[in-house]
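Contents: one structure, followed by commentary.
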Amino acid sequence: MAKKISGVKGMEDLFDSEEVQKWLKVEQTARRVFKPAGFQEIRTPILEESDLFERSVGETTEIVEKEMYTLLDRNDKRLAMRPEGTAPIVRAFVEHFTSHNVQEARFLYMGPMFRYERPQKGRLRQFHQIGAEVFGSDHPLLDAEMISLVHRLFTELGLESFQLQLNSLGSRDDREKYRATLAKFLDGIKDRLCEECQRRIVRNPLRALDCKKPGCIEATANAPLLPDSLAPESAEHFAVVQAGLKSQGVEFSLNPRLVRGLDYYEKTVFEFTSGELGAQNAVAGGGRYNDLVQELGGPAVPAIGFALGMERLVSILPEEAGKSSGAPRVYLLGLDPQSEQWLFGQLRELRAIGAVVELDFGGVSLKSKMRRADRWKAEWVVLLGEEERKRGVAILRDMQNQSQEEVPMSELFMRLTSRLPTMHFLKM
RNA sequence: GUGGGUAUAGCUCAAUUGGUUAGAGCACUGGGUUGUGGUCCCAGGGGCUGAGGGUUCAAGUCCCUUUACCCACCCCA
């Protein structure tokens with residue numbers, strides 16, 4: 001035997017039918033929730049120029065520094081497999097929409113993302129996201145709408161145990177000022193912080209507030225917090241976001257230490273978490289990015305977006321979401337080559353009416369064939385042998401009632417159809 | 001990148017202080033009088049014990065190396 005080739009680390013095959021069913025359900029529900037809100041679905045390539053992510057996500061972020069799958073193409077162009085979805089959408093928006101003076105647009109996307117990380121529960125190297133982005137407005141109620149749509153998606157999927165955390169990073173100015181204040185504070189308590197956090201003082205002080213080490217939590221207990229240092233305009237924006245969510249009945253809690261890992265966020269940031277996920281507890285996250293479009297060469301168009309982790313979401317979905325279509329299942333069983341040949345001819349028509357139809361292949365005993373039909377969970381079995389064929393009939397067996405009858409071969413299609421729910425479409 | 005854990009049949013797991021041909025359940029295949037499923041009974045196939053090396057009369061079991069997977073740190077979806 002030739003040497004086996006196994007899949008790439010952190011990249012999974014999805015083959016369990018209930019699991020696949022859940023994916024379909026999530027994708028379909030996302031469309032049902034977002035399209036009526038004016039979102040159009042778009043698909044962008046997996047490969048982008050590395051620069052796109054370096055400039056948007058941030059040069060000093062973990063993602064860009066250590067986690068990107070990068071390559072040189074045959075012309076030595078630096079490319080990267082997208083580690084996240086927002087930057088490509090912004091790029092596409094700038095490239096195709098702003099040129100015709102479109103400054104407002106809503107996009108829904110779904111697809112694989114890639115990050116070279118050490119896999120663990122809820123963390124893969126190829127994972128999938130569904131995300132949405134809205135360009136064209138800085139209105140705080142848009143923030144509330146975005147968050148509320150995600151909330152609604154989760155509710156429609158029957159998800160019960162999730163929490164919503166909210167924070168405001170303020171405008172870029174607010175953030176810069178706060179960053180300086182915080183860095184100063186941290187420097188004062190430097191010797192009480194872990195090594196990692198000491199490095200963060202210069203590089204990314206906000207992250208220190210998110211550190212989970214007990215020593216750091218204690219040391220930063222009365223650090224200056226972001227919401228307290230927002231300029232009046234940002235504070236007002238944040239207040240309206242909260243009021244908007246309340247009026248939609250969306251529950252949330254404020255987390256002044258919530259920091260997101262991508263540089264482009266400002267003002268409102270949010271995260272949906274679940275206790276059932278293990279250490280990687282974020283199911284979805286997002287925020288506002290008012291300067292990104294401009295930074296990527298577009299006009300000054302404010303925007304907000306979110307992304308959810310497909311694998312994480314699916315793992316906490318209720319069982320019902322994995323139930324597959326209720327289409328009737330019909331098993332065709334021939335006892336000799338001529339019978340099989342005739343039944344084979346019926347496949348197309350029967351499948352066209354929405355039934356799941358399978359023809360038994362292979363020369364085993366009738367008993368085994370029946371056993372197979374049973375394991376396949378057939379509701380109906382059509383049995384045809386030489387005896388029947390001579391008389392022009394086939395046996396139609398109802399597996400549940402354990403009853404069967406002979407029907408003329410010429411009427412099989414009609415007889416069967418009349419017993420199946422009419423116009424039965426395959427449900428998602 | 002740093003820790004910790006696991007690796008035996010397709011799946012879930014056994015195998016006494018190292019001791020004969022490595023077992024069970026589920027699954028699979030066939031049969032229980034000739035062409036009828038589920039429950040039941042019987043039989044059968046299937047493992048170089050992740051890989052490589054070492055200690056020993058003897059290794060699934062002990063030691064080293066390696067690979068894969070899992071979990072956590074970190075980071076995030």
Side-chain angles (χ1 to χ4, degrees), chain A residues 3-4 6-12 16 26 57-58 60-67 82-86 110-131 150 194-197 199-200 204 207 210-213 216 258-262 265 269-274 277-286 305-316 331 333-336 339 360 362 364-389 395-404:
Chain A
K3 195 185 171 212
K4 267 189 211 158
S6 47
V8 178
K9 184 201 276 282
M11 307 203 177
E12 291 184 332
D16 178 85
V26 171
V57 174
T60 61
T61 55
E62 221 35 39
I63 293 178
V64 169
E65 275 189 341
K66 307 199 303 215
E67 299 176 355
R82 61 182 184 197
E84 62 103 35
T86 300
M110 40 191 83
M113 306 293 162
F114 304 83
R115 291 182 201 169
Y116 191 87
E117 298 190 84
R118 188 90 166 251
Q120 68 179 73
K121 190 180 173 72
R123 195 169 74 184
L124 295 163
R125 288 184 174 179
Q126 172 172 338
F127 60 102
H128 298 74
Q129 291 189 331
I130 296 182
V150 181
C194 69
E195 253 178 71
E196 184 66 32
C197 284
R199 254 175 285 141
R200 284 171 172 150
N204 197 344
R207 211 44 87 49
D210 216 21
C211 186
K212 283 157 201 149
K213 295 196 179 68
C216 297
L258 177 66
V259 180
R260 314 225 67 251
L262 295 79
Y265 287 122
V269 292
F270 57 93
E271 209 166 271
F272 285 83
T273 58
S274 166
L277 283 173
Q280 315 303 318
N281 66 351
V283 211
F306 96 97
L308 67 81
M310 195 67 167
E311 286 84 357
R312 290 185 189 175
L313 176 57
V314 161
S315 76
I316 55 173
Y331 199 76
L333 199 160
L335 293 177
D336 61 312
S339 298
D360 184 285
V364 288
S365 66
L366 174 56
K367 183 174 182 162
S368 314
K369 284 174 188 246
M370 285 300 288
R371 205 179 278 174
R372 262 190 262 191
D374 186 58
R375 266 195 302 259
W376 188 72
K377 295 192 170 64
E379 289 158 63
W380 298 92
V381 166
V382 176
L383 195 152
L384 187 67
E386 204 181 340
E387 280 178 30
E388 288 78 18
R389 242 180 29 253
I395 293 172
L396 181 56
R397 182 172 175 84
D398 179 336
M399 292 296 272
Q400 218 159 22
N401 297 340
Q402 307 186 53
S403 62
Q404 60 186 42

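By convention in this document, chain letters (A, B, ...) are assigned in the order of the sequence lines, proteins followed by strands, and residues within each chain are numbered from 1. What you are looking at is a predicted structure, and each value in this text was computed from that prediction instead of being measured.
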> Say you pick atom C1' in C57(B) and the same atom in U20(B); how far apart are they, in whole Å?
Replying inline: 14 Å

>> Roughly how many Å apart are A27(B) and C40(B), using the P atom of each and rounding to a whole number?
In response: 9 Å

>> Whole angstroms only, please: what is the CG-P distance between Leu335(A) and U36(B)?
In response: 10 Å

> How far does the P atom of U66(B) sit from the matching atom of U2(B), given to the nearest Å?
Replying inline: 13 Å

>> Using the C1' atom as the point on both nucleotides, what is the distance between C26(B) and C74(B), in whole Å?
In response: 41 Å

> Expressed in angstrom and rounded to an integer, what is the separation of Glu62(A) atom CD from C73(B) atom C1'?
Replying inline: 11 Å

> Among G35(B), G37(B), C76(B), which is the nearest nucleotide to the side chain of Arg312(A)?
Replying inline: C76(B)

> Quick one: is G31(B) close enough that its OP1 or OP2 comes under 4.0 Å of any side-chain N or O from Ser368(A)?
Replying inline: yes

> Which nucleotide sits closest to the side chain of Leu262(A): C70(B), G35(B), C76(B)?
Replying inline: C76(B)

> When you measure from the side chain of Asp374(A), which nucleotide among G37(B), A77(B), U36(B) comes out closest?
Replying inline: G37(B)

>> Rounding to an integer number of Å, can you tell me how far Leu124(A) CG sits from A68(B) P?
In response: 16 Å

> Of the candidate nucleotides A77(B), C28(B), A72(B), which contains the atom at the shortest distance from the side chain of Arg375(A)?
Replying inline: C28(B)

> In whole Å, what is the span from the CD1 atom of Ile395(A) to the C1' atom of G37(B)?
Replying inline: 14 Å

> Pairing of RNA chain B as dot-bracket, 5' to 3': ( ) intra-strand, [ ] crossing, | other strand, . unpaired, with Watson-Crick or G-U pairs under 3.5 Å?
Replying inline: (((((((..((((.....[...)))).(((((.......))))).....(((((..]....))))))))))))....

> Can you tell me how far C1' of A72(B) sits from NZ of Lys121(A), to the nearest Å?
Replying inline: 12 Å

> Taking the side chain of Met370(A) as heavy atoms from C-beta outward, which of C73(B), A77(B), U36(B) is closest to it?
Replying inline: U36(B)

> Between atom CZ in Arg118(A) and atom P in G3(B), what is the gap in whole Å?
Replying inline: 9 Å

>> Nearest to the side chain of Glu387(A), heavy atoms from C-beta on, is which of G35(B), A77(B), A72(B)?
In response: G35(B)

>> Would you say Lys367(A) places a side-chain N or O within less than 4.0 Å of OP1 or OP2 belonging to G31(B)?
In response: no

> Within the structure, does a side-chain N or O atom of Gln120(A) lie under 4.0 Å from either OP1 or OP2 of A72(B)?
Replying inline: yes

> What is the distance, rounded to the nearest whole Å, between atom CD of Glu117(A) and atom P of C71(B)?
Replying inline: 14 Å

> Closest to the Leu383(A) side chain: U36(B), G37(B), C73(B)?
Replying inline: U36(B)

>> Among G35(B), C74(B), G37(B), which nucleotide has an atom closest to any side-chain atom of Glu388(A)?
In response: G35(B)

> So what does Glu84(A) touch, heavy atoms closer than 4.0 Å: a base, only the sugar-phosphate, or nothing?
Replying inline: nothing

> Within the distance-only criterion (no hydrogens, no angle test), does the side chain of Arg312(A) pair as donor or acceptor with the backbone N or O of Arg123(A) below 3.5 angstrom?
Replying inline: no

> Rounded to the Å, how far apart are Arg123(A) CZ and C70(B) P?
Replying inline: 12 Å

> Within the structure, does a side-chain N or O atom of Arg371(A) lie under 4.0 Å from either OP1 or OP2 of G31(B)?
Replying inline: no

> Reckon Gly131(A) touches a base, only the sugar-phosphate, or nothing at all at heavy-atom distances under 4.0 Å?
Replying inline: nothing

